[in-house]
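Taking it in order: structure first as structure tokens, then the write-up.
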Amino acid sequence: MKLSTLLSKLFPPLHGWPLIGALVGVLVLCVFLFFALHALPPRARKMVIAGATFLAGLFFALEWFWPAGADGTNPLTFAVPTVGNVANVLTAFTLGLGVMSLIRIHGNNVARQKAGWENSVVLLAGMVVMAVSGLFFEKTIFFRSLFRDVLNSFDAAMFATLAFYIISAAYRAFRIKSVEATLMMIAALVVMLGMIPIGQALTSFIPERGSFLSLLRVDNISNWMLTILNAAAQRAINFGLGVGALAIALRVWLSLERGAYFESSAE
Amino acid sequence: MNPQGWSTTPGIWIGAIGTLALFSLLYRENRVYRLFEHLFIGLAAGYLIKATWSETLKPQWWDPMVGGQWPWMFALGVGLMFYTIYSRKYNWMSRVAIGILLGFAAGQIFQQTANEYLPQIRTSFKPLIVHQADIKAASQVTAFGQSLSNFVFVLVILCVLSYFFFSFEQKNKVVQASSRTGRLMMMFAFGAMFGATVMARMALLIDRVWFLMHDWLRIG
Amino acid sequence: MNRLHWTQTIDRRILYLVLLALVVIGLLVPIPLPLVVGPQARALYNAVQQAPEDKLALVCTNWSASTQGENRPQTEVILRHLMHRHIRFALMAFDQQSTNLARELAEELAPQYGYVYGRDWINWGYRADVNGTLKGIVLSIPDTFKTDSQNRIPLTDLAKLPVMQGVHNTKDLSIIVEISPSGVYKAWIQFVVGSTPAKFGYGPTSVMAPELYNYIDAGQMVGMMFGIKGAAEYERLLIQDGTLKKPGFTTRAIAPVSLSLVLLFVLIGLGNYGMYATRNGRKQEKGS
Amino acid sequence: MDHASNSWPTAFIVILWSLIIIGAVRMAQAGRRFYIRRIAGLNAIDEAVGRATEMGRPILMVPGIGDIGVIVMQALSIFSYIAKTAAQFGNRILLPTGGGTGPAIYTVADEVMRESYAAAGRPEAYDPDSVMFISDRQFAFAAGVSGMIYREKVAASFLFGEFYAEALIFAEAGQMVGAIQVAGTTQTTQIPFLIASCDYTIIGDEYYAASAYISREPTLLGSLAGQDIAKAIIWLLVFVGAIGVTYYSATGGQAAMKAFFLNQWLTPH
């Protein structure tokens, strides 16, 4: 029997009262499991955490390593979207923690009338107005304008400050102080020259193609730097990052990790 | 002042004043910035609540569950484990839920590594001597130029990789030279990346200034 | 202290003010800066110019508010060009925000060219799954998108959506242009480009553009617009052929872009000159 | 490729790397000691904390806006070391979290900071308000954190994690208030901006070496040695591959060999 059919037999879809019964039943079971888990000794708790981590990872690992048939799927493939949804839903449940963090800090500010408490009022009011109008009045001009004209404008404004910061960063950093700083500066200047008409005009007397010299056009040099030097350097850096990510993922998955969060035993 | 010349949409007004307020941080931190910073965070949090419900929880959890797929209720059980962090006694249980999230992320690493990095290794096998016959007719690159480019490409990869060896002392002269070259090549690459980003950032500023001038003040 | 010392320590607020002034002036006063139309923009223009009129063009957008500075003008010139040539087009997106932003842009331009929704253009809407969607449209567009996103009318309902006449899969497209700040082009090349006679063009942000030369060189992509500069080059071509009567925002925007880059050159030059001069000065003081 | 069976040679290499790394970790846990070379940027962490103590101003730690996963855990592991030092000297710390999974990261960060203070022997000094969720939205997070940098006049700023365009906003804001800044990110495209604005920037997988370097924990040093061997394999593959392709393209006649080398091996089907 296929795993998917087995699962649908084990957990048949229910409707009406049986559904409500099942939902309540699951909740009661969860509460029971909660206290059962808590009764475990510390060593077993550690194993529960390690086991949950391992099993969650095992699904994706198995699904990938299990040879696929001619149709490009294996017996686990059907569950990939569902497991992806589970991950999404679990992450979504953490939302309350974030909102509680905001409410705690800013609610405190307001309650104790700390300096700048008015700002905290604005923050909380903004949150309520946006959430309520989004959840219940989604089709209104009010919500659309709040989202597009206000929130999006703020996003774009903050993003645009980068134009200023990039100027001051370049002005300060691109000095001929060391070999490294100089190399960075030269590369940046050549690439920027290749982008503006004035820079392109510098070497525009060289024919665009067909001549050996055309490689010396500013735009060609700039392209060469970006596609050869830059691409190769980035690729090598990313190899290291890839291996590093693989290593820490393996350590976390197999509970071999040591350091913050992992070394302490569950009390 | 001609009232018709001004946009009347309150949203655009708040957006425009907020834009100016957020820019004002560039001068110095001030009360108006603070006000709009908090408004921004508040609105973003409100939108997060809305989006979490209508884009994730409702379609992926609530709808299927009330549609008959009752095992989804277990997700709530696991999800509530996160909230044990508020209790000294039970807070270890949040680690089970976090562990599941970390496990999901970690388990996909094999596929990610294979998909992202292995093809890049393969495409790094570039011929160091290119023959004219192998060059596409339309291309303006000469065989010599392509050979040189390929040689530099491979050399840069090897040098930069050698910079990232950590677990032995780099005493050997060849290794030292290679690692140093790798570091310099990286700096060159970083400069190129910096230069390539400038124009995009300027375009964003111009877009915002245009928004202020055109959509808000209706000039230009 | 050396009298050139100031060139090393200009207050950042002055830099910011100068930049802002350059941008405002550059937008207000038309500054005739030379603009070289590069081969990539020209190739994309030619591809749209030569795209068959009896087929549907596809414009895929993935940009949101954060990169609209470059991607919006690119979308605008492409849509204007298509509308001027009376090629019907479809919009699609892999970004939720983008589907609204592109639709609003199309709604803004449509009346100028007498375009009617459902007859001359259509919005297929947004899909999150890139690979699945692209694999899907190669086989069947109506099966993949099912309905249009505006009115939820089935794509097969040709009475209500005559724009979909004769459009079954990617073979029936006249040209594909994606405007995007992200790397979705790889999926297009992997899944779609080989399946259709339609040419594939691109509008990347200038950060991403350098990645694409490879693909243009390999013929997998017909051409591209290099960020805002590319959009301005494209607009220049549209003015030259009479599609556009007067220059739009894009042409205006290119002057402040160039000016701000020149400002950066000047500043880096000043900083280094000051440092060099101060250093030399110090050496002389020691010597004397 | 959706499955390992699309290209077994590819899967083989991934498995080989994994086994080498796990093997090195086990060796380290069994008592074998591994060496680690100097990483300049990381020595600066103590200096930065010291500066903050002198100035009596807070220390900022930002774990980026990436989703919860291994990159964030790595950042928190670095921050845990910083927090321990800060706890000993009585510095205030600030740890804002953001990104799509910001609330989940907030949970973990809160635990890690609490533990770090306890490990430093000063559990009472931990202020739960020092860890906070700001926003899932990239630029709302940027606005909040840069406001914080200016208002609190942070003395030291540590940016470790997955950063995108907002990296430069934080780094320049820190620069403006005169903070000493140490940064590292897995997003290579942001490294140039961090180098331009921060005092010390660690590059590439120095990021993953950081926790081993700081803690000298045998497990992590072992893992690092395993990673080095995996990278050495890449080095060899690229070297041999390039020479091989050159040879076969030079000899011309062996087109079949070339086709195998270039097109079959490692290419998913």
Side-chain angles (χ1 to χ4, degrees), chain A residues 11 13-15 22-23 26 30 49 52-53 56-57 60-61 64 85 87-89 92-95 119 122-123 126-127 130-131 134-135 145 149-151 153-154 157 159-160 162-164 166 180 183-184 187-188 191-192 195 209 225-226 228 230 232-233 235-236 240 242 246 249 252-253 266, chain B residues 11-12 14-15 18-19 22 34 38-40 42-43 45-47 49-50 52 56-57 60-61 68 70-71 73 75 77 79 82 92 95-96 99-100 102-104 106-109 111 113 117 140 149 153 156-157 160-161 164 185-189 191-192 194-196 199 201-202 204-205 208:
Chain A
F11 305 104
L14 301 172
H15 300 282
L23 294 180
V26 170
C30 283
I49 297 169
T53 311
F60 284 111
W64 191 69
N85 285 356
N88 277 341
V89 168
F93 279 125
T94 63
L95 164 77
N119 296 318
V122 170
L123 187 150
M127 179 160 82
M130 184 58 121
L135 287 172
S145 176
D149 299 327
V150 180
L151 193 55
S153 283
F154 289 4
F159 203 167
L162 279 170
F164 298 102
I166 212 169
E180 296 186 1
L183 276 177
M184 255 186 99
V191 170
M192 289 191 299
M195 285 185 179
R209 47 176 62 217
M225 278 172 31
L226 284 166
I228 305 293
N230 174 41
R235 182 171 288 189
L246 176 68
V252 168
W253 184 42
Chain B
I12 288 186
I14 302 175
T19 301
L22 292 174
R34 226 170 292 164
H38 282 81
L39 178 63
F40 191 2
L43 291 176
Y47 190 76
I49 296 173
K50 184 241 172 232
T52 304
T56 307
L57 285 182
Q60 293 181 11
W61 177 68
W70 51 273
M73 195 48 123
F82 287 112
W92 73 273
R95 286 170 182 248
V96 178
I100 293 175
L102 290 176
F104 280 144
Q108 300 181 50
I109 197 73
Q111 184 176 8
T113 308
Y117 300 107
Q140 56 172 320
S149 294
F153 192 92
V156 169
I157 288 190
V160 172
L161 258 179
F164 287 108
M185 286 296 114
M186 280 196 284
M187 290 303 149
F188 207 72
F194 195 111
M199 193 163 85
R201 300 296 184 249
M202 292 307 156
L204 291 166
L205 175 63
R208 274 306 87 189

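Below, chain A is the first sequence line, B the second, and so on; all start at residue 1.
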Can you sort out the partners of Arg34(B) under side-chain hydrogen bond (donor to acceptor under 3.5 Å, both in side chains), two or more places apart, ordered by chain and number?
-> Glu29(B)
Would you mind telling me which of Leu14(A), Val122(A), Thr94(A), Val150(A) has the largest number of heavy-atom pairs within less than 4.5 Å of chain B?
-> Leu14(A)
One option among Phe104(B), Phe82(B), Trp61(B) has the most heavy-atom pairs under 4.5 Å with chain A, and it is Phe104(B)
Which is it for Ile100(B) and Thr53(A) under the side chain to side chain contact (heavy atoms under 4.5 Å, CB included) test, yes or no, and what are the steps along the way?
-> CA-CA 5 Å; Ile100(B) 293 175; Thr53(A) 311; over 6 Å; no
Could you tell me which non-hydrogen atom of Gly77(B) sits nearest to which non-hydrogen atom of Cys30(A), and how far apart they are?
-> CA-SG, 3.8 Å
Start with the C-alpha gap between Gln111(B) and Phe60(A), add the side-chain angles, then the distance that decides, and say whether side chain to side chain contact (heavy atoms under 4.5 Å, CB included) holds.
-> CA-CA 9 Å; Gln111(B) 184 176 8; Phe60(A) 284 111; 5.9 Å; no
Counting heavy-atom pairs under 4.5 Å with chain A, the top scorer among Met199(B), Met202(B), Gln60(B), Met186(B) is Gln60(B)
With chain B, which of Gly57(A), Gly240(A), Pro13(A), Ala87(A) has the greatest number of heavy-atom pairs at distances under 4.5 Å?
-> Gly57(A)
Considering only heavy atoms from C-beta outward, does the side chain of Arg208(B) approach that of Leu204(B) to under 4.5 Å?
-> no
Using non-hydrogen atoms and a 4.5 Å limit, figure out which bit of Phe154(A) sits close to chain B: side chain, backbone, both or neither.
-> both
Between Ala192(B), Gly18(B), Ala196(B), which has the largest tally of heavy atom pairs under 4.5 Å with chain A?
-> Ala192(B)
Looking only at Ala61(A), Ala160(A), Ser145(A), most heavy-atom pairs under 4.5 Å shared with chain B are made by Ala160(A)
Largest heavy-atom contact set with chain A, pairs under 4.5 Å, which of Gly79(B), Gly103(B), Ala75(B) = Gly103(B)
Per-residue tally against chain B (heavy atom, under 4.5 Å) across Ala233(A), Ala236(A), Gly242(A), Ala232(A) peaks at Ala232(A)
State, yes or no, whether a side-chain contact exists between Leu151(A) and Phe40(B) at a heavy-atom distance under 4.5 Å.
-> yes
Gap separating the CG atom of Leu43(B) from the NE2 atom of His38(B), nearest 0.5 angstrom = 12.5 Å
Cut-off 4.5 Å, heavy atoms of chain A, and the answer for Thr113(B) is side chain
Contacts of Thr56(B) that satisfy side-chain hydrogen bond (donor to acceptor under 3.5 Å, both in side chains) - sequence neighbours left out | none
Kindly indicate whether the side chain of Arg201(B), heavy atoms from C-beta on, has any atom under 4.5 Å from the side chain of Phe164(A).
-> no
Who among Leu22(B), Leu102(B), Leu161(B) has the most heavy-atom pairs with chain A under 4.5 Å?
-> Leu22(B)
Per-residue contact mode, Val89(A) against chain B (heavy atom under 4.5 angstrom) | both
Taking every heavy-atom pair that is under 4.5 Å apart, which of Asn88(A), Val191(A), Leu123(A), Leu246(A) has the most such pairs with chain B?
-> Leu123(A)
Answer key: most heavy-atom pairs under 4.5 Å with chain A among Ala106(B), Pro71(B), Gly68(B) is Gly68(B)
Please name the pair of heavy atoms, one in Leu226(A) and one in Asn230(A), separated by the smallest distance, quoted to 0.1 Å.
-> O-CB, 3.2 Å
Part of Phe153(B) lying under 4.5 Å from any heavy atom of chain A | both
